[in-house]
Amino acid sequence: YFYVPKLSLFYFSATITYYDVLLNIYRYDPLKEGTDKFIQLGKEQKIESDFTPFELTIFSYKPEIYKLTIDNYYSWLNGKEIRYKYSILE
């Protein structure tokens, strides 16, 4: 989970070795009905294992909580190495 303050920039970068994965991005919405209060932003993204960094930038106009999930869908029997970094610029 990542808390992003008002008028801030959230930057995320990841590199995957050996096998592809899926990345999902969610935003917390306290008004959403049900027990899961997160809304998926866009379609899930496939991150290829070609050592090219996947980059994501989100500008937040108001304070937000984001959740990123990495899914082992493409090769769940194989191990992976995930290198990532993130920054929040206020």
Side-chain angles (χ1 to χ4, degrees):
Y1 297 94
F2 301 95
Y3 172 75
V4 181
K6 179 180 179 181
L7 300 176
S8 296
L9 193 66
F10 172 70
Y11 172 79
F12 176 82
S13 174
T15 305
I16 310 298
T17 58
Y18 308 118
Y19 300 99
D20 301 343
V21 296
L22 287 176
L23 176 77
N24 289 297
I25 304 154
Y26 302 89
R27 187 189 72 218
Y28 180 74
D29 183 0
L31 301 177
K32 183 179 175 200
E33 293 184 20
T35 57
D36 186 10
K37 299 288 186 183
F38 284 89
I39 297 173
Q40 185 171 354
L41 302 178
K43 294 174 64 176
E44 56 193 13
Q45 307 257 340
K46 180 179 181 182
I47 301 179
E48 310 239 340
S49 60
D50 60 0
F51 296 99
T52 302
F54 169 84
E55 295 180 328
L56 167 74
T57 304
I58 297 173
F59 183 77
S60 185
Y61 290 97
K62 60 182 183 175
E64 299 278 7
I65 297 174
Y66 293 96
K67 175 174 75 169
L68 278 74
T69 62
I70 296 174
D71 188 352
N72 203 12
Y73 172 77
Y74 288 103
S75 55
W76 55 274
L77 290 175
N78 298 309
K80 296 168 182 55
E81 183 177 309
I82 301 170
R83 296 179 182 170
Y84 70 93
K85 64 180 177 179
Y86 71 93
S87 301
I88 298 173
L89 304 173
E90 296 184 50

Undergrad: Using modelled atom types and a 3.5 Å cut-off, is there a donor and acceptor pairing between side-chain atoms of Lys6 and backbone atoms of Pro63?
TA: no
Undergrad: Would you check if Leu89 and Tyr11 make a side-chain contact, meaning some heavy-atom pair closer than 4.5 Å?
TA: no
Undergrad: Which value, rounded to the nearest 0.5 Å, describes the distance between Ile65 atom CD1 and Phe38 atom CZ?
TA: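 Interatomic distance, Ile65 CD1 to Phe38 CZ, rounded to 0.5 Å: 6.0 Å.
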Undergrad: Is there side-chain contact between Ser13 and Lys85, with heavy atoms separated by less than 4.5 Å?
TA: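 Yes, side chains in contact.
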Undergrad: Do Leu22 and Lys46 make a side-chain contact, defined as non-hydrogen atoms from C-beta onward lying under 4.5 Å apart?
TA: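 Yes, close enough: below the 4.5 Å cut-off.
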Undergrad: Is the number of heavy atoms from other residues, nucleotides or ligands within 6.0 Å of OH (Tyr61) greater than 12?
TA: no
Undergrad: Evaluate the salt bridge (charged side-chain N to carboxylate O under 4.0 Å, His left out) criterion for residues Glu81 and Arg83: first the C-alpha distance (whole Å), next the side-chain angles of each, then the deciding distance (0.1 Å), finally the verdict.
TA: CA-CA 7 Å; Glu81 183 177 309; Arg83 296 179 182 170; 2.5 Å; yes
Undergrad: Taking salt bridge (Lys or Arg N to Asp or Glu O under 4.0 Å) as the test, write out the residues that go with Glu33, two or more places apart.
TA: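 Glu33: no salt bridge (Lys or Arg N to Asp or Glu O under 4.0 Å) contacts found.
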Undergrad: Share the residues that join Leu41 in a hydrophobic cluster, the rule being Ile, Leu, Val, Met, Phe, Trp or Tyr side chains under 4.5 Å apart at the heavy-atom level.
TA: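 Hydrophobic cluster check, Leu41: joined to Phe2, Val4, Phe10, Phe12, Ile16, Val21, Leu23, Ile25, Ile47, Phe54, Leu56, Ile58, Tyr66, Leu68, Ile70, Ile82, Tyr84, Tyr86, Ile88.
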Undergrad: Closest approach of Lys37 and Lys32, non-hydrogen atoms and distance?
TA: NZ-O, 2.6 Å
Undergrad: Please collect all salt bridge (charged side-chain N to carboxylate O under 4.0 Å, His left out) contacts where either partner lies in residues 67-76, sequence neighbours excluded, each pair once.
TA: none
Undergrad: Are Leu9 and Tyr3 joined in one hydrophobic group, where the rule is that I, L, V, M, F, W and Y side chains link up if heavy atoms are under 4.5 Å apart?
TA: no
